[in-house]
Amino acid sequence: MNRASFFSPQAGRVIDAPRQMRARFAIGDIVRHREHDFRGVVFDIDPVFANSEEWYESIPAEIRPGREQPYYHLLAETDDSSYVAYVSQQNLVADSEGGPVEHPSLSQIFEDYRNGHYQLRRGLAH
């Protein structure tokens with residue numbers, strides 16, 4: 001039994017995943033997209049792709065990331081906007097810019113920004 005299952009509300013179905021998956025980033029880490037100009041704070045991690053098929057199919061096939069890798073939920077920002085992003089591990093790098101992110105929802109999930117990392121609010125860990 002090297003696989004486990006969990007229900008994904010985003011996908012609306014049960015997702016099959018490896019029992020162990022190594023995530024490169026942790027909740028509270030600041031990351032940057034490898035190709036697109038945005039950065040964000042990790043607030044949740046799926047061990048494998050756990051979004052809708054429509055979302056997955058909307059990515060052009062030639063750049064579509066694999067499903068069997070961690071996917072990160074980010075409080076993301078550009079110079080012009082803030083939003084929630086869902087990004088594969090292969091498309092993220094550690095943020096070298098440094099400094100806090102200016103997303104309006106940060107205070108709902110995180111407390112302090114220290115040493116380049118956000119501290120999760122007490123009581124939100126699972």
Not counting sequence neighbours, which residues clear salt bridge (Lys or Arg N to Asp or Glu O under 4.0 Å) with Glu54? List them please. none

Listed partners of Arg13 passing salt bridge (Lys or Arg N to Asp or Glu O under 4.0 Å), at least two apart: Glu53

Would you please name every residue forming a side chain to side chain donor-acceptor pair (under 3.5 Å) with Ser8, sequence neighbours left out? none

Could you pull out all residues at least two apart from Thr78 that satisfy side chain to side chain donor-acceptor pair (under 3.5 Å)? Ser81

Check whether any side-chain heavy atom of [X] sits under 4.5 Å from a side-chain heavy atom of [Y], and report yes or no.
X      : Y      : result
Leu120 : Phe110 : yes
Pro70  : Pro47  : no
Arg122 : Glu111 : yes
Met21  : Val48  : yes
Leu75  : Ile109 : yes
Pro65  : Asn91  : yes

I'd like to check the side chain to side chain contact (heavy atoms under 4.5 Å, CB included) partners of [X]; sequence neighbours left out, ordered by chain and number.
X      : answer
Pro100 : Glu102, Tyr113, Tyr118
Ser58  : none
Arg22  : none
Asp16  : Arg3, Ser5

What closest approach, in Å, do [X] and [Y] show between heavy atoms, and which atom pair accounts for it?
X      : Y      : answer
Ala50  : Gln10  : O-CB, 3.7 Å
Arg121 : Ser107 : NE-O, 2.7 Å
Leu92  : Tyr72  : CD1-CD1, 3.6 Å
Asp37  : Arg32  : OD1-NH1, 3.9 Å

Could you tell me the separation between the [atom1] atom of [X] and the [atom2] atom of [Y], rounded to the nearest 0.5 Å?
X     : Y     : atom1 : atom2 : result
Arg67 : Ile15 : CZ    : CD1   : 8.5 Å
Gln89 : Arg34 : CD    : CZ    : 9.5 Å
Ile45 : Phe43 : CD1   : CZ    : 11.0 Å

Does His33 have any ring-ring contact (aromatic ring centres under 6.0 Å, His included) partners at least two apart in sequence or in another chain, and if so, which? His36, Phe38

So does Ala26 get a backbone contact from the side chain of His117, meaning a donor-acceptor N/O pair under 3.5 Å? no

Test: salt bridge (charged side-chain N to carboxylate O under 4.0 Å, His left out). Region: residues 56-65. Which pairs qualify, not counting sequence neighbours? Glu57-Arg64

Taking salt bridge (charged side-chain N to carboxylate O under 4.0 Å, His left out) as the cut-off, I'd like each qualifying pair that reaches into residues 70-87, sequence neighbours left out, listed once. Arg39-Glu77

Using side-chain contact (heavy atoms from CB on, under 4.5 Å) as the criterion, point out the one residue from Ile30, Val31, Val84 that pairs with Leu74. Val31

For Tyr56, the rest of its hydrophobic cluster, which grows through side-chain links under 4.5 angstrom: Phe49, Trp55, Ile59, Ile63, Tyr71, Tyr86

Do Val93 and Val42 sit in the same hydrophobic cluster, where Ile, Leu, Val, Met, Phe, Trp and Tyr count as joined when their side-chain heavy atoms come under 4.5 Å apart? no

With side chain to side chain contact (heavy atoms under 4.5 Å, CB included) as the criterion, how do Asn2 and Gln20 come out once you've worked through the C-alpha distance, each side chain's angles and the decisive distance to 0.1 Å? CA-CA 8 Å; Asn2 290 334; Gln20 293 185 349; over 6 Å; no

